[in-house]
Amino acid sequence: MYFRAYYGVPEILAPDGTNVNAVRGLLDYIARLVEQYRPTHLACCWDEDWRPAWRVELLPTYKAHRVVEEVEGAADVEVVPDPLEVQVPVIREVLAAYGIAVVGAPGYEADDVIGTLATDAGMPVDVVTGDRDLFQLVDDEAGVRVLYIGRGVGRHERVDEAWVLEKYGVAARQYADFATLRGDPSDGLPGVPGVGEKTAASLLRKYDDLAGVVAAAADPDSDLGGGPRLKIKHAADYLAVAPRVVAVARDLDLPREGLELPAEPADPDALAALSERWRLDSPVERLTAVLAG
Ligand code: MN
Ligand code: MN
């Protein structure tokens with residue numbers, strides 16, 4: 001969300017000349033969504049590792065195009081422009097001053113933190129994200145939906161099972177298999193060559209899940225046509241590992257306490273100081289008023 005704010009909000013300079021657009025934009029996004037949905041709990045899920053080694057080992061192309069430089073002995077780095085990078089610690093400090101929980105896990109992406117917190121949460125969960133990967137978590141019965149901000153926070157879509165079915169022609173529980181078959185260039189996920197959205201959806205409608213599709217390709221008596229059959233067979237190595245790359249973790253050891261949405265800032269003095277130093281007055285005012293609700 002702060003990436004989105006950085007690219008979507010005009011530059012605004014703090015007194016020392018630092019651009020604080022991502023900080024201000026993020027606070028405004030949170031205020032808007034909290035005002036609209038009035039959640040009881042709120043967790044900002046952090047990418048402790050945006051490209052975990054265990055995913056790359058399974059699939060070396062995973063997010064490979066997002067690596068700009070690989071320094072020997074150092075972690076791979078994602079392109080975080082300097083003017084955004086300097087805002088990240090400020091974001092952390094402001095969230096801490098509010099008492100808004102930040103949750104991350106070493107060696108895991110925010111996706112995995114989200115997957116874990118959204119699973120067996122004991123309450124309905126809205127996942128706010130611009131990442132389609134999280135559609136795999138959508139579950140009407142469990143009350144899990146995605147507020148998809150791909151086209152902007154102000155124009156977010158409420159993704160439930162009907163939405164996924166309408167958009168992709170598969171059930172939400174089939175979305176991960178669908179993404180595996182189709183691939184996703186934004187994540188360096190190749191998919192099965194020659195299998196696009198339409199074919200992936202029709203295969204899953206017919207054979208239910210990836211295991212069913214693979215079994216049909218191997219079964220000489222199945223009614224799977226010769227074209228898709230060959231494509232699936234040729235992609236056997238990819239299909240053996242990709243599901244584990246695509247599936248978000250749901251069983252990380254994470255704190256479930258302390259995620260309540262604060263009604264007032266936890267540390268008002270620190271918040272006031274941050275607000276003055278970084279010229280956050282109006283977004284801080286807005287968010288504080290919304291929290292007091
Ligand atoms: Mn993705
Ligand atoms: Mn993702």
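Counting starts at 1 for both ligands and their atoms, in listed order.
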Quiz item: What's the atom name of the N, O or S in Asp187 nearest to the Mn ion (ligand 1)?
Solution: OD2
Quiz item: If you look at Asp133, which of its N/O/S atoms is nearest to the Mn ion (ligand 1)?
Solution: OD2
Quiz item: With the Mn ion (ligand 2) at the center, what angle do OD2 from Asp111 and OD2 from Asp131 span, rounded to 10 degrees?
Solution: 100°
Quiz item: Can a salt bridge be assigned to the pair Glu93 and Arg277 using a cut-off of 4.0 Å between side-chain N and carboxylate O?
Solution: no
Practice problem: In sequence, state the C-alpha distance, the side-chain angles, and the governing distance for Leu147 and His156, and then conclude on side chain to side chain contact (heavy atoms under 4.5 Å, CB included). | Solution: CA-CA 6 Å; Leu147 306 181; His156 69 267; 4.1 Å; yes
Exercise. Specify whether Tyr168 and Phe135 have parallel, tilted or perpendicular ring planes, treating 30° as the upper limit for parallel and 60° as the lower limit for perpendicular.
Key: tilted
Quiz item: Side chains of Arg229 and Ser222: do they bring a donor and an acceptor to under 3.5 Å?
Solution: yes
